[in-house]
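Counting begins at 1 with the first residue of the sequence. Fair warning: this is a prediction, and the values are worked out from it, not measured in the lab.
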Amino acid sequence: MMRIGSRTLACAALALLCLLQALAVLRTPPAWLPAAIEVSLPPAAETVLGRTELAAPQAGQRHLRLRRDAAGAWFAASADGVQGLRFERGALRIRSGAVALRAGQQFQLGAVRYRVDAAGSSAVAFSDGLHAWRYDGATVRRDGVALGACPGAAPGARLLGLWNRWAPGALTVERALRFGGSLSCGTQVGNADAPAGSAQLSIEDGVPLLIAAASLERVPLLVIDAGLPRDLALAEQPLAGLTALTVGRTRMLASLDQGVLRLQPTQRVGLSARPSIQLPEGVRWHWQQRDAWAWPASLSWWVCGAVAAGLLAALLARRTRHRKDLPACVRLGACAALAIAGLGLLLAQRAGGAPGVMPSLLLAWAALWTAMAARRTGAVMLLGVLLLAAGLLLQLELGIGAPDTSWLRHFQKTAAVSTLGLGLVGLVALLKGAKPPGQAGVETLLLLLAGAALAALLLQVGWGNETGVFDLQPVEFAKLALTVLSAHCVALGLGKGETRGGALLRWLRLASPALLFILLLAVALVQVDDYSPLILLLVWGAAMLLAWSCAARKAGPAFAVLALAGSCLLALSVLRGAAPVDVAQWSFYGERFGVWLDPAAHPHTGQQLLLGAQAIADGGWFGADGLFGLQALGGAALEAVAIPAVQDDFAPSFLLQRHGLTTALLLWALQALFLGALLHAAWRAWQAGSTARDYRQTWLGRFRSFVLCGGAAFVFGHFLLSWGTNLAFFPIMGQPMSFLSAGGSHLLFFIFPLLAFGAAGAPSIEENPSCRSTSNTKP
């Protein structure tokens, strides 16, 4: 009866969340945007357009200068050099304010004139009259000597500089050369007449590019052409053959038809409440209304493929042990169809053809209810589905309340990832009742998983940045690999039975988690400008040590973990009372601690914290509207979108502003229940393994137990850092809140595998009888 009551309550909560999502869409007021923008210019004329005329929210008031010469040819340039442009001609992409260097060319920044002595695909040599410089894409040498690290450089930057200095060229990590500042260090060439970053030199696709800075405080970068200097940031580009143009962050398809330039905005387009706007002479808009039911033609093929795959999966399931269970076959077919449909949504969004709100929402609803309707769904899955639905509601409100089209992509991505992930988790039901895998096979899979995670992290270090590589976050996949590998090693270490394998395999069992841990630390130091990944790993390590001490019945490590937690709380309270001026001088995290202690003294870097605090204060206990956000459903969210990273790190601030602290308390309770469900599932797995008479069953129970403990530790770390950042308990840390923030790699590579472990692991342990003839009977 308790299980039936819990499921009924969960279904009622999911129905309420789906109803709120539907009401948000229905109450959204009409919004209009330009389907096409036509610009007409007579020969020998020019015009300047900005964010209003181009429906480009991130553009400047006077951003794009268009000109036609006497022969009728079109040219475009940045109007003031403060913000740049990007031009596309088929596969060729060109940015404004950039020029390919060649030997003999000269350029000037401030009073210093540089001469290019040699320019090739792998290195550039130039001189300034005092020193000879050489840049190879990773390291800068002055008079043949590599520059040392800059004062105050982070440990990761120092390590990266040493690596680039001694590593072979093929293994170095690319770093752009910057001009400006008072010192020559790292990859910076000093220039007393210009601030740091006033110009940049990089090697892209074997071409050395000199790039002028686009900022309010820029110093003109002059390129000497035919003996005459010209400001590189204001240099014109011909529009002949142009296929696309990016202004600010708004990308527009472009075409020329005699005296008319036609622009079709496709990304980050400003919205209007009415189809009317005052435009200058020669500029004309063709309006279209935002369509919640928009359906790209490419998705029809994906839906057909998904339906066919679902039918095939259901028919194949009828030929397995599920042949007598028709509902189970139907669910498996539905999960296969949902997984393929979710993949199609992701790829369509990646190609710039995302569907409207309703198709994404309907598919997400289908995935949520399919997961909820599965028989013997555990508490982990039930609570995870509710948290996913809450995150979808928040991202939907943020998307439809924003003043431009770009914010909906966060909801669309979350919906697509949820559809794909829940479909794949549902397919794990095929493993229920199957024979448990052998230890050797599992170890081979784990080693392959570790290798893939290590390779992905190396890709991020070499070709990515702190946001990931190829629009993915390898760190999330590495966290999963670290969790399962550590669980396997701990499960083996707690067992007294024989462990098969030679010396090499035993070494790999111990070394793989250590290598992943070290590489994760390296990525955190090199790629990320804050130390939140280190804190996240510290929370995970402490939790795993606590779990091991409880399993091994050793009180010492448990007391050490509790003492560490108490010390961290004491240090945080002492730090909170420190003087901001003194703290800001620290080499470790000093600037962020200073912003955290006194955000009002940092109007730019403290903006995120100040705006988040204001949003929380506006929400109060019952939301900004006083009705838990019900009256604001489908309404504007202009104050929220002004908060930097509100869709990720500061999503809780929007929740508190829109729905109030009372709703946040309910979310905290749901999150606590989810963590408790993970730990309860881990305890049941441990008990099942402890009572098994089969060594393989014992190892499998311990393995699943520690996987769930490690996963719960990481999720708890995300909850802790995200709430602590938004409520100003901690300095700003770039960690999303699991389930609530915009979905992506964190959901796909970590949360859904964790849900799969929680949903499918227990039956495979508890329902299969042990086999004495093929196992060691010792635990």
Side-chain angles (χ1 to χ4, degrees), residues 8-31 271 273 290 292 357-358 360-362 364-365 368-369 372 383 385-404 407-408 410-411 414-415 610-643 645-674 719 722-723 726-728 737 739-742:
T8 303
L9 186 62
C11 288
L14 180 58
L16 176 61
L17 289 169
C18 292
L19 177 61
L20 293 176
Q21 294 166 5
L23 287 176
V25 176
L26 292 174
R27 297 187 60 183
T28 303
L271 297 171
R290 182 170 63 178
V357 171
M358 285 308 300
S360 299
L361 188 58
L362 290 174
W365 284 350
L368 292 170
W369 283 105
M372 185 70 75
L383 294 168
V385 166
L386 293 180
L387 288 171
L388 277 173
L392 282 169
L393 173 61
L394 196 71
Q395 295 299 326
L396 177 63
E397 289 185 278
L398 194 62
I400 61 181
D404 63 77
W407 289 89
L408 266 178
H410 302 301
F411 163 75
T414 304
L610 292 172
L611 291 176
Q614 183 61 49
I616 294 173
D618 292 341
W621 281 95
F622 307 108
D625 62 355
L627 294 173
F628 302 101
L630 295 178
Q631 188 175 356
L633 281 175
L638 300 180
E639 299 85 359
V641 298
I643 304 174
V646 68
Q647 77 281 1
D648 290 319
D649 308 341
F650 271 71
S653 292
F654 176 54
L655 173 75
L656 288 162
Q657 188 267 344
R658 177 59 65 96
H659 298 285
L661 182 57
T662 304
T663 304
L665 291 174
L666 293 177
L667 180 64
W668 292 345
L670 195 62
Q671 291 172 340
L673 288 174
F674 179 73
F719 288 161
S722 185
W723 282 118
N726 282 263
L727 298 176
M737 177 170 285
F739 298 102
L740 196 66
S741 298

For the residue pair His659 and Leu667, establish whether any side-chain heavy-atom pair is separated by less than 4.5 Å.
no
With the side chain counted from C-beta on, respond yes when Leu661 and Leu656 share a heavy-atom pair under 4.5 Å apart, and no when they do not.
yes
Quick check: do Arg290 and Thr28 have side-chain heavy atoms less than 4.5 Å from each other?
yes
Hey, what do you get for SG (Cys18) to CG (Leu393), rounding to the nearest 0.5 Å?
9.5 Å
Using a 3.5 Å distance criterion without hydrogens, assess whether the side chain of Gln647 forms a donor-acceptor pair with backbone atoms of Gln395.
no
Could you list all the salt bridge (Lys or Arg N to Asp or Glu O under 4.0 Å) pairs where at least one residue sits in residues 645-660, not counting sequence neighbours?
Glu397-Arg658
Show, in sequence, the C-alpha distance, side-chain angles and deciding distance for Leu392 and Leu368, and conclude whether the side chain to side chain contact (heavy atoms under 4.5 Å, CB included) test is met.
CA-CA 11 Å; Leu392 282 169; Leu368 292 170; 4.0 Å; yes
Got a second to check how far Cys11's SG is from Leu16's CG, nearest 0.5 Å?
13.0 Å
Rounded distance (nearest 0.5 Å) linking atom CH2 of Trp723 with atom OG of Ser653
8.5 Å
I'd like to check Phe739 versus Leu383 (side-chain heavy atoms, cut-off strictly below 4.5 Å). Are they in contact?
no
Is there a side chain to side chain contact (heavy atoms under 4.5 Å, CB included) between Leu387 and Leu740 once you walk through the steps?
CA-CA 7 Å; Leu387 288 171; Leu740 196 66; over 6 Å; no
If we only count heavy atoms from C-beta on, is the Leu361 to Phe411 side-chain gap below 4.5 Å?
yes
Nearest atoms (heavy-atom pairs only) where Ala24 meets Leu396:
CB-CD2, 4.3 Å
Do Leu611 and Val646 touch side chain to side chain, with heavy atoms closer than 4.5 Å?
no
Shortest non-hydrogen contact from Ser722 toward Met737
OG-CB, 3.3 Å
Of all heavy-atom pairs between Leu386 and Leu670, which one has the smallest distance, and what is that distance?
CB-CD2, 4.0 Å
Residue that, paired with Phe654, satisfies side-chain contact (heavy atoms from CB on, under 4.5 Å) out of Ile643, Leu394, Val641:
Leu394
Kindly compute the distance separating CG (Leu271) from CD1 (Ile400), expressed to the nearest 0.5 Å.
12.0 Å
Side chains of Leu398 and His410: does their closest heavy-atom pair fall under 4.5 Å?
no
Please tell me if the side chains of Leu20 and Leu630 come closer than 4.5 Å, counting only heavy atoms from C-beta onward.
yes
In a table with atom names and distances, give each donor-acceptor pair under 3.5 Å that connects a side chain of residues 613-624 to protein atoms at least two apart or in another chain.
{"unit_1": "Gln614", "atom_1": "NE2", "unit_2": "Asp618", "atom_2": "OD1", "d": "2.8"}

Might you point out which heavy atoms bring Leu17 and Ala390 nearest each other, and give the distance in Å?
CD1-N, 3.9 Å
